[in-house]
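All remarks here apply to the structure that follows.
Proteins come first, then strands; the chains are lettered A, B, ... in the order of their sequence lines, and each starts at number 1. Source: prediction; values computed, not measured.
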Amino acid sequence: MDLAQQLGARLAHPGEFTLRACKNSKMNLTQAEAVRDLIDAQTDAAASQALRQLSGELSATLQPAKHKLIKTIVRLESALEFVEDDLPQVETKQISGELVEATNMIAALAATFASGRVLRDGIKVTLVGRPNVGKSSVFNRLVGIDRAIVTEIPGTTRDTITESIILGAIPVSLTDTAGIREAEGRIEELGVERTHRAAADSDLLLVVVDGSRELTTEDVGILEEAAKAKHVVAINKSDLPNSVRSEESLSEFSSVVVHVSAVTGEGLDELTAAILEPFGTVDSETAGLLITDSRHYDLLRRAQSSLESSRELLDSGASEELVLVGLHNALRFLGEITGETTPDDILGEIFSTFCIGK
Amino acid sequence: MLAFDEIFDVIVIGGGHAGCEAASAAARLGAQTALVTLNLDLIGQMSCNPAIGGIAKGHLVREIDALGGIMGRVADRTGIQFRLLNRSRGPAVQSPRTQSDRALYRKEMRKMLEGTPNLQLRQGMVVDLLVQQEKIRGVEMQDGRRIAAAAVVIAAGTFLNGLVHTGRRTYTAGRAGEPASIELAESLKQLGFPVGRLKTGTPPRIDGRTIDWSAFQAQAADERPVLFSFSSDEITQPQLQCYVGYTTPTLHEAIRRNLDQSPLYSGQIKGVGPRYCPSIEDKVVKFAEKDRHQLFLEPEGHDTNEVYLNGFSTSLPAGLQQELVRLVPGLEEARIIRPGYAIEYDYVDPRELGPDLQSRRILGLFHAGQVNGTTGYEEAACQGLLAGINAACLVTCRPMFRLRREESYIGVLVDDLISQGVDEPYRIFTSRAEYRLALRHDNADERLRAYGRELGLVGDVDWERFNRRRDNVAAAKAALKSTRLRPSDAAYSAASAGLGDLGSSITLEEVARRPGITPELIHRLLINQGELSVALSDVETALADDLYSGYIRMQDAAVKRLRHHDLTPIPQNLDYRSINGLSHEMIERLERSRPLTIGDARRVSGLTAAALSTLYVVASVHN
């Protein structure tokens, strides 16, 4: 490898081969996008979702909604274009119902983005707690190696440390922080500031308290702060005999409380489950297709809102050409995912549905 | 060196709806113009139904008129049943239509052309196009005459290699009873143009004295006719009624029994017909579940007994047509004057043309109308106008004129033709226009009048008239915004009749947005407020502008979003065959149309999304 580089070779940039395949037209852009996702996939579940998109499953999933939409457009367009052609009356109620169904299908698919995004991009979890409750021990347990330095001395961790791990099927960026307390030394003060920053930037806070001691005012302050966001409380040191802390005494702060022992590893599975719970259970085997791409999500939401405003117009008795603006827009948005529907396609549908022609 | 009998600037071949507009426009733009036609007595002939306009087609006529064309004026003078279609819907999809007196239309059109300076009529058949160094030099006639011109417009309609079918009999003809142009079609092939075959048809014409009119439902003209021309004030012809009736299952059964005699079903007709204008044979076969199909009895004019049986287009044998027609309730005693027939004809792939309708192959050669694969008088006329304008621009060294999709139906039609070509006779529909809400029939003048003026087709009188109307619309808009109704006003009670409380103070514009408020009422209220010069049509235009403004913004945003890659150029030396991701079929489609940009490529018919994204990547990399 070194020799090759000495002879003038260089390492490929990320995605360079995909781009070349694209340039040389070995694949089209949509496929290249899916391949990019596949390469970037951090977990099997994310890879399996990328593969499903590569095989065109997203388009296929959208077909029933798109079909309903086109059917509605065909109905309204033919009422406009072929006013003298003895066509059946436009049944507003029925069409409105079809639109609701199409909207619901699209909304349901869009709603999977919450899980899909987690699956692809993962979540950020930050450990917080006052010094010496064992944050770094819990961190090391979750990471599976002794990444953070652990001592008996409170405030050993002065800076934040971040590790990427897989919990369940989900990539998690786990951050260990300096303990939060009234800062004494300058270095520690900086560390505490970073802790606040890391906490503000995370999807979930993992509050660690010492189960062998009474809650301090610092603990309470941290718990109250954490209660404002997604969080899990881990009661550490469950292995110690003088552990007296129970879920009940914490219930005024949090409903998600797990006993763990960073020393024995006891309660880690429960902790993992509690961390993942708020992000939906993503089982790559049984889950349906998930929206993982924010562009797709954006398009689905736009289509949904276009459809909703069109249905309101329809229900209020507006003329067809106004209702159709939103329907055509929705079709364009879906078309950016599934491929365009041209006016000729619509006209073709009209002529095969209705007998047109004076 | 070629020797010529006569020399002109522009020659127009064909005296139909495309040819008339082309010749008139070219001559009025200062080009010495000859209109060559097979029969001077049939100038402006309506080969099919005796009507002008309809949804989207009416838009085209108003656009033609706004640019300074002649179809709208002639239609207004010869219309015998004016109706605004889609009256119950929004203004963008309303469109004027009229039944026309067929003979009167011809007469008025010929009078119009004969009164045009720089324009000369010539009867005869063009058999050859004279081309030197890829430039048109003139034409050769059947009688040996040669006429020179630097620009030639082909507007030959269904005459190119025309073949008429009735039953198993076929004969060459341009229309029933008129000779086909065989040599001209051959000449186009010799020049290398890709030529295809299309088909259209027409129904039988019945003797009105043999119809039991009481069996049909009468359909009257509008009380307040909406005219085509922005220069017309009123209609001059007495208005007639049309009649609506229906076919019966017995008739359908009789047609099905005789399908073996239909050239459509025996495989004798190869050309593709329009799906939106099916023959009666097609209707009963493809929509067998329908137990009746609508028929319209349309009078052909004031001085004739001929009645057009719209909806009964057929190519069955003439004798059989007579028997079948008599199965229609009310037509038991009917006698056919002219049988219906199908006609196959050549068209030239319109992807050969630029947006000015000039051939890319031969400088100075323009194609307009059915030769481009379109159907319909209005579709033909607007192409004729554009081709005539550009033929004159070419010979007078002026820049070529083109129209965009976002400003006109004409732009939509031409763009569709030259980028997608045709698979069946092309007809305009409002759904073809992505900017439908902005392209109203009533604002065609606002969109296009200035172009007509700049070109020189709109005279002083019409231009002043347009400016007055524009001022009135602006005044109406201002008055709608500034006029407030209070419960104490007399006008308030008029407006609130049936609407309940309008609140303590409300502008006329807000009143107008309420359902159930008519432009007529708003007009009356404006007159009460002292806006005396504002006409009802001005109020309608002002209200329509207001109604659609929000939607047009929404529509534009979505279209623009979709089109943000459209301007990416595609290298013109690109070898599509070297692109591995493209199927053979995609390569062929692209090679035929040679799109200049991704936007052009997106409109190439049959091009898949995958092929388009592949093309986009290749184009981006090249750039």
Is Gln217(B) reaching over with its side chain to a backbone N or O of Tyr243(B), donor-acceptor style, under 3.5 angstrom? no
Less than 4.0 angstrom from a charged side-chain N to a carboxylate O is my criterion; do Arg440(B) and Asp442(B) meet it? yes
Is there a side-chain contact between Pro278(B) and Phe351(A) (heavy atoms, below 4.5 Å)? no
Region of Ala318(A) that comes under 4.5 Å of a non-hydrogen atom in chain B: neither
With a 4.5 angstrom heavy-atom cut-off, is it the side chain or the backbone of Arg432(B) that approaches chain A, or both, or neither? both
Engaged part of Glu77(A) at the chain B interface, taking heavy atoms whose separation is under 4.5 Å: side chain
Using a strict threshold of under 4.0 Å (side-chain N to carboxylate O), is an ion pair present between Arg427(B) and Glu81(A)? no
Salt-bridge criterion met for Glu434(B) and Arg405(B) (N-O under 4.0 Å): yes
For the interface with chain B, which of Asp86(A), Val83(A), Leu324(A), Ile350(A) has the highest count of heavy-atom pairs at distances below 4.5 Å? Asp86(A)
Are the ring centres of Tyr276(B) and Phe429(B) closer than 6.0 Å? yes
Select one option (side chain, backbone, both, neither) describing which atoms of Thr353(A) are under 4.5 Å from chain B's heavy atoms. backbone
Parallel, tilted or perpendicular, as decided by the 30° and 60° cut-offs, for the rings of Tyr297(A) and Phe113(A): parallel
At a 4.5 Å cut-off on heavy atoms, which part of Leu331(A) comes close to chain B: side chain, backbone, both, or neither? neither
Which portion of Ile346(A) sits near chain B, non-hydrogen atoms under 4.5 angstrom: neither
For Glu289(B), look at atom CD and say whether over 12 heavy atoms of other residues, nucleotides or ligands are found less than 6.0 Å away. yes
At a 4.5 Å cut-off on heavy atoms, which part of Leu76(A) comes close to chain B: side chain, backbone, both, or neither? neither
Considering heavy atoms only, which positions within residues 300-308 of chain A lie below 4.5 Å of chain B? Arg302(A)
Got a salt bridge between Arg87(B) and Asp222(B), using NZ or NE/NH1/NH2 to carboxylate O under 4.0 Å? yes
On the 0 to 90° scale, with breaks at 30° and 60°, tag the His252(B)-His293(B) ring pair as parallel, tilted or perpendicular. tilted
With only heavy atoms counted, which part of Phe354(A) is less than 4.5 Å from chain B, the side chain, the backbone, both or neither? backbone
